[in-house]
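These values consider heavy atoms only, across backbone and side chains, with no hydrogens, waters or symmetry-generated copies. Bear in mind the structure is a predicted one, so any value in this text is a computation, not a measurement.
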Amino acid sequence: MSSWSWYLTRSTGIVAAVLSVVALMWGLFFSSRNTGTRLKPNWWLALHNWLGGLTLTFIGLHMLTAFLDSESGLALKDLVVPNGDAGWAIGWGVVSFWMFVVVVLPSVARVRRRLPRKAWHLVHLLAVPATVLGLVHAFQAGSDSAQSYFTRGLALLVGVSVYPLSIRLIGLAEACRRTAAA
């Protein structure tokens with residue numbers, strides 16, 4: 001792999017992974033109403049949508065740079081269809097990409113207003129497994145995955161994701177308990 005294309009593919013993938021975790025955290029904080037009162041909810045939602053769109057953009061750039069790199073050996077079908085030719089290390093990234101498309105595009109394209117709230121919410125929950133699969137892809141296919149700084153960075157991303165996820169799940173459990181008691 002030529003050094004510029006390797007660095008470009010690697011860096012866009014790392015930025016996409018970090019952005020996916022940040023967008024997920026932002027959405028979980030927002031949905032659990034754990035954002036404080038200084039900024040209006042519209043600001044939090046707009047930033048969450050922007051982070052999601054930026055994540056999808058960097059995933060697309062990551063895929064494009066991997067495709068354009070002649071030494072990566074990836075064909076177009078390897079980037080859009082998970083298959084055995086490229087292996088599951090790449091396949092997890094493809095599945096994650098399509099999950100992000102399903103999550104982000106309805107919000108960006110203003111389709112959300114036309115969907116029933118429960119349907120939109122169920123679709124939006126795909127962001128959690130999409131982020132997990134993206135991190136699995138990074139670990140399995142990443143050229144630095146054997147390096148300690150890379151595994152520590154992934155562990156840090158997973159660790160910071162657990163906090164807002166646990167806040168959201170605790171809030172949902174409390175809401176269910178209140179509903180059952182009423």
Side-chain angles (χ1 to χ4, degrees), residues 1-30 44-109 111 123-165:
M1 206 183 271
S2 65
S3 66
W4 72 268
S5 60
W6 179 76
Y7 281 113
L8 196 56
T9 302
R10 182 173 154 219
S11 62
T12 54
I14 290 170
V15 170
V18 170
L19 282 171
S20 69
V21 168
V22 171
L24 177 68
M25 288 174 49
W26 212 267
L28 289 168
F29 277 130
F30 179 71
W44 289 94
L45 181 61
L47 186 58
H48 172 66
N49 288 341
W50 183 76
L51 287 168
L54 200 57
T55 300
L56 193 57
T57 301
F58 269 91
I59 291 171
L61 287 172
H62 176 63
M63 293 170 71
L64 179 66
T65 57
F67 174 70
L68 292 177
D69 183 13
S70 59
E71 294 181 24
S72 71
L74 293 173
L76 184 61
K77 75 172 179 122
D78 297 331
L79 298 175
V80 295
V81 178
N83 59 59
D85 297 341
W88 275 107
I90 303 296
W92 296 129
V94 174
V95 172
S96 175
F97 163 71
W98 286 114
M99 289 174 130
F100 273 115
V101 166
V102 168
V103 169
V104 171
L105 285 186
S107 296
V108 173
V111 176
V123 166
H124 220 67
L125 287 175
L126 285 175
V128 175
T131 301
V132 169
L133 286 179
L135 295 177
V136 168
H137 162 73
F139 182 72
Q140 289 183 344
S143 56
D144 290 335
S145 60
Q147 303 296 325
S148 64
Y149 66 85
F150 188 81
T151 53
R152 287 179 186 154
L154 280 178
L156 178 67
L157 288 175
V158 170
V160 298
S161 299
V162 169
Y163 175 68
L165 185 59

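Smallest separation of non-hydrogen atoms from P82 and V94: CD-CG1, 3.5 Å. Scanning both residues, A130 and M99, for their nearest heavy atoms gives CB-CB, 3.5 Å. In this structure, V101 and P106 approach most closely via the heavy-atom pair O-CD, 3.9 Å. In terms of heavy atoms, F100 sits closest to I59 at CD1-CD1, 3.5 Å. Taking both residues in full, the closest heavy atoms of L74 and L79 are given as CD1-CD2, 3.9 Å, listed atom of the first, atom of the second, then distance. The minimum heavy-atom distance linking L154 with A138 is given by the pair CD2-CB, 4.3 Å.
Between the CE atom in M25 and the CG atom in L51 there is a gap of 10.5 Å [rounded to 0.5 Å]. L28 CG to Y163 OH: the interatomic distance, rounded to the nearest 0.5 Å, is 12.0 Å. In this structure, T65 OG1 and Y7 OH are separated by 14.5 Å, a value rounded to the nearest 0.5 Å. Going from atom CH2 of W50 over to atom OG1 of T57 covers 9.5 Å, rounded to the nearest 0.5 Å.
For S96 (side chain) and L133 (main-chain N/O), no donor-acceptor pair under 3.5 Å exists by modelled atom type. When atom types are taken as modelled, the side chain of H48 and the backbone of A23 share a donor-acceptor pair closer than 3.5 angstrom.
Annotation: side chain of V104 is not in contact with side chain of T55 (no heavy-atom distance under 4.5 Å). Within the 4.5 Å cutoff, side-chain heavy atoms of N83 are placed close to those of D78. Contact of the D69 side chain with the W6 side chain is not registered, since no non-hydrogen atoms from C-beta on lie closer than 4.5 Å.
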Check the pair F97 / L56 against side chain to side chain contact (heavy atoms under 4.5 Å, CB included), numbers first and verdict last.
CA-CA 8 Å; F97 163 71; L56 193 57; 4.1 Å; yes
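Scanning for ring-ring contact (aromatic ring centres under 6.0 Å, His included) contacts around W88 gives W92, with sequence neighbours left out. The side chain to side chain contact (heavy atoms under 4.5 Å, CB included) check on V102 picks up V123, L126, with sequence neighbours excluded. Scanning for side chain to side chain contact (heavy atoms under 4.5 Å, CB included) contacts around V15 gives L19, F58, with sequence neighbours left out.
The local environment of CZ in F139 is sparse, with at most 12 non-hydrogen atoms from other residues, nucleotides or ligands closer than 6.0 Å.
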